[in-house]
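Input: a single structure, listed below in structure tokens.
What you see is a predicted model, and the numbers here were worked out from it, not measured in a lab.
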Amino acid sequence: MGSIWFSINQSYSDPNYVNVFANPAPPRRSEDQKMVKSATPREFSISNYPNPFNPSTTITFDLPADAWVTLHVFDLLGRDVVTLLNATRRAGRHSVPWHGVDNHGQTVPSGVYLYRFAASPTNGGIPYIALGKLLFAK
């Protein structure tokens, strides 16, 4: 028979159980507490799906701490195509869609694009920078 946690403020009656105070186990965390604890990532990460994409892709990133985040898309010549994000974000998982349009709302041609993700923790931690490749196929 497993351990039973007994609280003074609760009533408990079980005719099959003899000693309620024998070897009590500590209370278990609720499922909500487990989810909150695991919701904050331990390290930075970034990915996108689908890739290749048409008509859109979603860039997902994890922040272990609050940070100022920038996310830019460039063409292969290094020209800035679109700025998807330039703002503070709280620790956790975030996602940003890109629908294959530039800063002027024009659809970009099919091809390979690069994204540059930078996150500077607001607590003064070490900045994180990542580059990735996106393939837009019409």
Side-chain angles (χ1 to χ4, degrees):
M1 182 171 213
S3 299
I4 294 177
W5 176 255
F6 185 76
S7 171
I8 294 173
N9 295 329
Q10 293 177 329
S11 62
Y12 182 80
S13 68
D14 184 349
N16 298 321
Y17 193 77
V18 178
N19 186 353
V20 175
F21 295 101
N23 197 16
R28 294 183 180 212
R29 290 186 295 178
S30 71
E31 290 302 314
D32 291 340
Q33 288 173 323
K34 288 179 187 177
M35 288 183 1
V36 167
K37 184 162 180 106
S38 64
T40 303
R42 301 181 109 188
E43 59 187 32
F44 291 101
S45 69
I46 186 164
S47 63
N48 74 294
Y49 182 82
N51 194 20
F53 69 96
N54 181 11
S56 65
T57 187
T58 300
I59 301 169
T60 303
F61 58 93
D62 293 331
L63 299 174
D66 297 356
W68 183 268
V69 177
T70 59
L71 180 57
H72 296 275
V73 175
F74 299 92
D75 65 15
L76 287 179
L77 297 176
R79 295 179 294 213
D80 190 20
V81 173
V82 66
T83 300
L84 296 174
L85 187 60
N86 189 12
T88 301
R89 292 290 180 258
R90 300 197 52 86
R93 174 161 282 194
H94 303 274
S95 60
V96 178
W98 184 42
H99 303 289
V101 296
D102 64 15
N103 280 325
H104 306 290
Q106 301 296 316
T107 301
V108 298
S110 294
V112 177
Y113 294 86
L114 304 172
Y115 65 78
R116 181 183 185 274
F117 172 82
S120 299
T122 56
N123 66 2
I126 299 171
Y128 175 80
I129 297 173
L131 302 171
K133 185 170 36 171
L134 305 164
L135 179 58
F136 183 44
K138 286 188 182 179

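- Cluster membership for Leu114 and Phe136, using ILVMFWY side-chain heavy atoms within less than 4.5 angstrom, is not shared.
- Taking the six-membered ring where tryptophan is involved, the planes of Phe44 and Tyr128 are essentially parallel, since the angle between them stays under 30° and well short of 60°.
- Taking each heavy atom of Pro41 and Gly92 in turn, the nearest pair found is CD-CA, 3.6 Å.
- Here the side chain of Asp80 pairs no donor or acceptor atom with the backbone of Phe74 at under 3.5 angstrom.
- Atoms CG and OG1, from Asn51 and Thr57 in turn, are 5.5 Å apart once rounded to the nearest 0.5 Å.
- When each of His94, Glu43, Arg90, Arg93 is checked for a side chain to side chain contact (heavy atoms under 4.5 Å, CB included) with Leu63, only His94 meets the rule.
- Scanning all heavy atoms of the two residues, the minimum distance from Asp66 to Ala91 falls at OD1-N, 2.9 Å.
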Could you check Val101 against Val82 for side chain to side chain contact (heavy atoms under 4.5 Å, CB included), going step by step and ending with a plain yes or no? CA-CA 7 Å; Val101 296; Val82 66; 5.8 Å; no
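- In terms of heavy-atom proximity, Lys138 sits nearest to Pro109 at NZ-CA, 4.2 Å.
- Here the side chain of Asp62 pairs no donor or acceptor atom with the backbone of Ser45 at under 3.5 angstrom.
- Residue Ile129 comes nearest to Ala118 through the heavy atom pair CG1-CB, 4.1 Å, listed as atom of the first residue, atom of the second, then distance.
- Panel note: side chain Ser95, backbone Thr58; no donor-acceptor pair is recorded below 3.5 Å.
- Rounding to the nearest 0.5 Å gives a distance of 9.5 Å between OG of Ser47 and CD1 of Ile59.
- Residue-environment remark: CG (Leu76) exceeds the threshold of 12 foreign heavy atoms within 6.0 Å.
- Minimum heavy-atom separation, Ser120 to Pro127: OG-CB, 4.0 Å.
- By the 30° and 60° cut-offs, the orientation of the rings of Tyr113 relative to Trp98 is perpendicular.
- The closest side-chain heavy-atom distance from Tyr115 to Ile46 is below 4.5 Å.
- Remark: Phe53 CZ to Leu134 CG distance equals 5.5 Å, nearest 0.5 Å.
- Between Leu85 atom CG and Leu71 atom CG the span is 6.0 Å, to the nearest 0.5 Å.
- Shown here are the side chain to side chain contact (heavy atoms under 4.5 Å, CB included) partners of Asn86, two or more places apart in sequence or in another chain: Trp68, Thr70, Thr83.
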